[in-house]
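Below: the structure, in structure tokens.
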Amino acid sequence: MPAAGVATIALIVLIVLALVYYLLNTILQLRAINHGLDEVIQSVGEIVEKSAPVADVVHDINDNLDAAVSALEGLLVKKAGMEDAVGLVDGLYPGAAAEGLRDFPESREVTPPRIGEVYTRGTLTLARLGREAPVATASPAGPALRNPAYGSAAARDLYPGDRPGRSPVIGSDAPVQYEEREDIGQPRKRFRRA
Amino acid sequence: MTLWWIGNAVLLVVLVVVILLLTGVLNAAKGIVPSVRRIAGAAAAGSKDLDAVPMLLTTQDQVRQTVAGVAAYGGSLDVILDDAKEA
């Protein structure tokens, strides 16, 4: 056989060997890809299965919350009036008056009264308890009492001295009786007629 | 004979081209495998994150009960509080 024939056969064998080597490796890689995609499909199937009821449940929750918001807004406006309702909402959530009440578009045009800027809810609670409420000691020229971020700290700052170590005691058995009057318990004064 | 050697030269060129092309295919296939593994890991993690979804049913029930309570309180307040006076 001539040398050219041997070279031809050798080249053909080399081409076949190259094809076999690379195609086998490619097949192995494609099998690995196939196995990985099987895992992906299984996980995606779990995701689809687990997330299927989410939409219905969330819609139901939103519907319930929408109904509650509508009822509470209506009740608030009915009982407090539009202006005070907006003021109360703005007091609890500063800036909320700009968005207004959801079911009352006209509430966006209401200028909220300064309900929330003057009294915190805690201050109002203390005010109900008696004279030790910080409302009585605050300077009207000072800054607004409301401090949404540090409400309790702001309330403590209102005491000129140390904060009392006790809550105010009210009632007939209280150690300190407010509105003390000397004539309480004494015979009723009688005025003679001229 | 000369033509035979020319044919051998062509076969040599074919061998080089085949090797180059198959190397490219093999490298592309090898590049896909890590990506698929990362996607599989992400999908498994996403599926695990959704394990808390059944808790939404509890949330749904709690919301219904809360709204019912709010409605009851609202109805009572509507009865015991006077309406705002018209300006």
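Naming: A, B, ... by sequence-line order, numbering from 1 per chain.
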Relative to chain B, which segment of Val48(A) carries a heavy atom at a distance below 4.5 Å: side chain, backbone, both, or neither? neither
Max heavy-atom pairs within cutoff under 4.5 Å with chain B, candidates Asp60(A), Val44(A), Asn25(A), goes to Asp60(A)
Taking non-hydrogen atoms and a cut-off under 4.5 angstrom, which of residues 10-21 of chain A neighbour chain B? Leu11(A), Ile12(A), Leu14(A), Ile15(A), Ala18(A), Leu19(A)
Would Gln29(A) and Leu26(B) count as a side-chain contact (heavy atoms from CB on, under 4.5 Å) if you check the C-alpha gap in whole Å, the side-chain angles of each, and the deciding distance to 0.1 Å? CA-CA 8 Å; Gln29(A) 295 301 319; Leu26(B) 182 60; 4.1 Å; yes
Among Val53(B), Leu56(B), Thr59(B), Val63(B), which residue satisfies the side chain to side chain contact (heavy atoms under 4.5 Å, CB included) criterion with Val57(A)? Leu56(B)
Under 4.5 Å heavy-atom distance to chain A, tell me which part of Val18(B) shows up: side chain, backbone, both or neither. side chain
Any idea which heavy atoms bring Ala68(A) and Val67(B) closest together, and the distance? CB-CG2, 3.9 Å
Roughly how far apart are Leu30(A) CG and Lys30(B) NZ, rounded to 0.5 Å? 12.5 Å
In short, Trp5(B) meets Ala7(A) closest at the heavy-atom pair CZ3-CB, 4.0 Å
Picking from Ala71(A), Pro2(A), Ala4(A), which has the most non-hydrogen pairs under 4.5 angstrom with chain B? Ala4(A)
Just wondering, do Leu50(B) and Glu46(A) contact through their side chains at under 4.5 Å, heavy atoms? no
Relative to chain B, which segment of Ile61(A) carries a heavy atom at a distance below 4.5 Å: side chain, backbone, both, or neither? both
Region of Ala71(B) in contact with chain A, defined by heavy-atom distances below 4.5 Å: neither
Ranked by heavy-atom pairs below 4.5 Å to chain B, first place among Val58(A), Thr26(A), Val54(A), Ile47(A) goes to Ile47(A)
Would you mind reporting whether Trp4(B) and Thr8(A) have side-chain heavy atoms less than 4.5 Å apart? yes
How close do Ser43(A) and Ser47(B) get, counting heavy atoms only, and between which atoms? O-CB, 4.0 Å
Hey, are the side chains of Lys78(A) and Asp78(B) touching, using non-hydrogen atoms and a 4.5 Å cut-off? yes
Residues Ala32(A) and Val33(B): closest non-hydrogen pair is CB-CG2, 4.1 Å
Where does Thr23(B) contact chain A at under 4.5 Å (heavy atoms): side chain, backbone, both or neither? both
